[in-house]
There are 4 protein chains.
Amino acid sequence: MRPSPPPVPHHKRTGRPRSADADRAILEATREALVELGFGGLTLGDVAARAGVAKTTLYRRWPGKNELVVDAVAALFEERLELPDLGSLRADIQGVVLRFAELLNMPETRTALMAVVAEATSDEPLRRRIRDAIVDRQKHLVLLGRMRAQERGELPPDDGTEDPGRDDMIFDVVAGSVVHRVMVSSEPVDEEWADRLALLLVAGIGGLHAA
Amino acid sequence: MRPSPPPVPHHKRTGRPRSADADRAILEATREALVELGFGGLTLGDVAARAGVAKTTLYRRWPGKNELVVDAVAALFEERLELPDLGSLRADIQGVVLRFAELLNMPETRTALMAVVAEATSDEPLRRRIRDAIVDRQKHLVLLGRMRAQERGELPPDDGTEDPGRDDMIFDVVAGSVVHRVMVSSEPVDEEWADRLALLLVAGIGGLHAA
Amino acid sequence: MRPSPPPVPHHKRTGRPRSADADRAILEATREALVELGFGGLTLGDVAARAGVAKTTLYRRWPGKNELVVDAVAALFEERLELPDLGSLRADIQGVVLRFAELLNMPETRTALMAVVAEATSDEPLRRRIRDAIVDRQKHLVLLGRMRAQERGELPPDDGTEDPGRDDMIFDVVAGSVVHRVMVSSEPVDEEWADRLALLLVAGIGGLHAA
Amino acid sequence: MRPSPPPVPHHKRTGRPRSADADRAILEATREALVELGFGGLTLGDVAARAGVAKTTLYRRWPGKNELVVDAVAALFEERLELPDLGSLRADIQGVVLRFAELLNMPETRTALMAVVAEATSDEPLRRRIRDAIVDRQKHLVLLGRMRAQERGELPPDDGTEDPGRDDMIFDVVAGSVVHRVMVSSEPVDEEWADRLALLLVAGIGGLHAA
DNA sequence: TGTTAACCGAGACGGTACGTCCTGTCTTAGG
DNA sequence: CCTAAGACAGGACGTACCGTCTCGGTTAACA
């Protein structure tokens, strides 16, 4: 899976092309600054300086701080988040929950994720960007997990009558619970907690099918 | 339950006392500004102007924007969030989920809540303030719901062996799921969705007890 | 004659009053920067830094670079330009021409004067400011010189029939000639040149009276 | 007399030759931009765009804004400024003063002239360029006027003892007075004022000869 | 009943970041 | 070698808020 491409300019192919090095340097500098200063302390001028790039170059590519941070953080999700095959639905869920929590505890993402989501509450384009760059890429993990469980016989196969929003709800529950635990309750997501959440979900999903 | 009082000054009781009108006017102005400008656009200078108050007065009472917003929003949770008794655990959960979603969709809270949580990721005192003013007041709803369910016989009575973090997890799951649905997925929380979540939880909780 | 007062704000007498020290420091810093960097190189940010003052303080008092420079330079004209009484009209003119040329050769004024006049060509308020702060204060020197010459008997006394714009023209000729000599022709204004100009003027004025 | 040619490149004569159209378009665009925006608002990027030319092309031909403006304005002086033969020294002077004032009131020159002179105070090459392209071409008018006056018998013929800087001073006085009147005093140069200046000068020159 | 200390409004203060603009150079592709 | 197009590093711009401060003036409890 390749990293999200930089926002494609719809120009003619004339003039000096944009430097790909600059893109890389900027995103790297952004993550570095997030670690050191947090989202609030992050300054576009500072990022530009770290990247050895002029502020204008930065503004030419991204509309502002929010979009830049989304792109900078998206790459981390890309490479870090996957669904391990651990032999059972419960173990799979536990595994992905632990990895997700680990990701949320990285200093780059800790402050950045909530902040951009907050900004996005009144910024539809930003909301779409977050979905495209981060959320939707996680969502397929739910689908994958379901398919594996169905192959194992842990869940009944689809028969065409199931709720189409079913996987979306599972995703909201998993992601939301972990985020709330980490960000709001400030409690650790350890193996035990992850297992109990997995247990609750497995039982709950069973209940949904039974209904 | 009265709204959280402004931080008490520990002075001698001499001199002119602080104006209580000012407090009210400031919190009201803050909510008004949140609706019009969102969290990011909210300015302490602007709030002061709306409240007909000097910036100094404002800074004398609150350390900064974050704390002010927490207090301004807390009152809303106080008055709006309660657990209706609808006759069954599933219906109770559905009911509180719908009320919570409604609260999250108010313009005052929509942007403010996520924003202060984001700020709180690197600000322990703010995190505590949020817990004291908002989160903990919701948490007792979980306890209340459990007790009702136990009275009804929907859940087994406590026998002293249960996980002490059990209710915390339920709270993280409920609150987190709704927040994620509303804020990140940008999908509506309607009666159907709330009911399905309630169903999943009831079954899941059952699974926890069975384990 | 006191130095030109800072632009008077028409506020109420409320709030913290503006610092008089800041005014002094800013004007001094402006002159210093003019010497070191010239008008083109002068930056309001740099002036603020030199004066130990915030940029905002500077913008609160002056609309921009042009007005600031006018005020900074005006003080020099105030203190340096006077009409010596040397016993004859011709010597008086020679004297004032030499002083004026000297002033134009100071590094503060050399670059600043022409620049603000240039800017003023499309900025009526600036033009007025220049007249008020600099030009009009010089103009009375012409009147003073005429009166002395009339007392000495070098010129006939006014009889009420003379051209009201007469002194204005003399002023334009004296000031314009010196400026052009120094700025455009880049030739020195030495005693001889000044004396020849004085001679031309005395004769010319005589011609005007004769007409 | 043709307009001053652009600085000749001393390259080999290989490769694609420079477009002469471009030169014309650039100078025209410069004058147009001067009228619309004034000197301060004039941008090389904007001039390039108006001329339908790349910025590179512009920088290849002129070192910067100042030089470009000098060349763009010089052509106007070339074609507009001449010494009419009106039968007497006084009338000749009046005539040239009126034409010069007219030139100074054109929007292209109004702001441009003072600005480049101001820039030239700390830029010797620019000063030379101004002299070559503008000032020296005017100076011969003084010589021409003197010769005509001598032919008419209004002035004594040269006898080899006269001051060599004599004509320079006349030039400084005429040009400086008009510029000061127009630019600084912001008063009109009408027929009456021009005549009075001519009268003063004729008498003054007489005084110089008598000395 | 006057003192007095803390309050209040207003607004200036030193700072910091903003997002835009222009400069003069460069790097493309094409003539 | 020139051209158009446009990206590049750099730097100043003028604005907006921040959180602090300094004023003159007000208000209520205490003496």
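What you are looking at is a predicted structure, and each value in this text was computed from that prediction instead of being measured. We name chains A, B, ... by the order of the sequence lines, and we start the count at 1 in each one.
The side chain to side chain contact (heavy atoms under 4.5 Å, CB included) test applied to B:Ala49 returns no partner, not counting sequence neighbours. Partners of C:Arg128 under the side-chain hydrogen bond (donor to acceptor under 3.5 Å, both in side chains) rule, at least two apart in sequence or in another chain, are C:Glu124. By the side-chain hydrogen bond (donor to acceptor under 3.5 Å, both in side chains) test, C:Asp123 pairs with no residue at all, sequence neighbours left out. Applying the side-chain hydrogen bond (donor to acceptor under 3.5 Å, both in side chains) criterion to A:Arg31, with sequence neighbours excluded, gives no partner residue. Partners of A:Asp132 by side-chain hydrogen bond (donor to acceptor under 3.5 Å, both in side chains), not counting sequence neighbours: none found. The side chain to side chain contact (heavy atoms under 4.5 Å, CB included) test applied to D:Ala51 returns D:Ala25, D:Ile26, D:Ala29, D:Val53, not counting sequence neighbours. Partners of A:Ala115 according to the side chain to side chain contact (heavy atoms under 4.5 Å, CB included) rule, which considers only residues two or more places apart in sequence or in another chain, are A:Phe39, B:Ala118. Not counting sequence neighbours, the partners of C:Ala112 by the side chain to side chain contact (heavy atoms under 4.5 Å, CB included) test are C:Leu34, C:Val69, C:Val73.
At its two ends the helix from E:dT1-F:dA31 to E:dG31-F:dC1 runs along axes set 10° apart, each axis drawn from five pairs and the angle rounded to 10°.
Counting to the nearest Å, the P atom of F:dG14 and the NZ atom of C:Lys65 are 9 Å from each other. Here F:dA12 presents its P atom at 8 Å from CG of C:Asp46, a figure rounded to the nearest Å. Atom CZ of B:Arg60 is separated from atom C1' of E:dA6 by 8 Å (rounded to the nearest Å). With rounding to whole Å, D:Glu67 atom CD is found 13 Å from E:dT23 atom P. The nearest whole Å value for the distance from the CG atom in C:Asp21 to the P atom in F:dC21 is 18 Å. In this structure, the CG atom of D:Leu58 is 16 Å from the C1' atom of F:dG6, given to the nearest Å. Rounded to an integer number of Å, the gap from C:Trp62 CH2 to F:dC13 C1' is 19 Å. Spacing between atom CG of D:Leu68 and atom C1' of E:dC22 amounts to 15 Å, rounded to whole angstrom units.
At a cut-off of 3.5 angstrom, the base of F:dA5 holds at least one donor-acceptor pair with the side chain of D:Thr56.
With contacts defined as side-chain heavy-atom distances shorter than 4.5 Å, the pair C:Arg24/C:Asp21 qualifies.
A heavy-atom distance below 4.0 Å to DNA chain E is reached by none of the residues of residues 37-45 of chain B. Within residues 47-55 of chain A, the residues that place at least one heavy atom under 4.0 Å from DNA chain F are, in residue-number order, A:Gly52, A:Val53, A:Ala54.
Side chain of B:Tyr59, nearest nucleotide from F:dT20, E:dC13, F:dC8: F:dT20.
Proximity of a side-chain donor or acceptor of A:Lys55 to a complementary backbone N or O of A:Ala48 within less than 3.5 Å is not detected.
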Mind listing the N/O atom pairs, protein and nucleotides 23-26 of chain F, below 3.5 Å?
from: F:dT26; atom 1: O2; to: B:Arg16; atom 2: NH1; distance (Å): 2.9

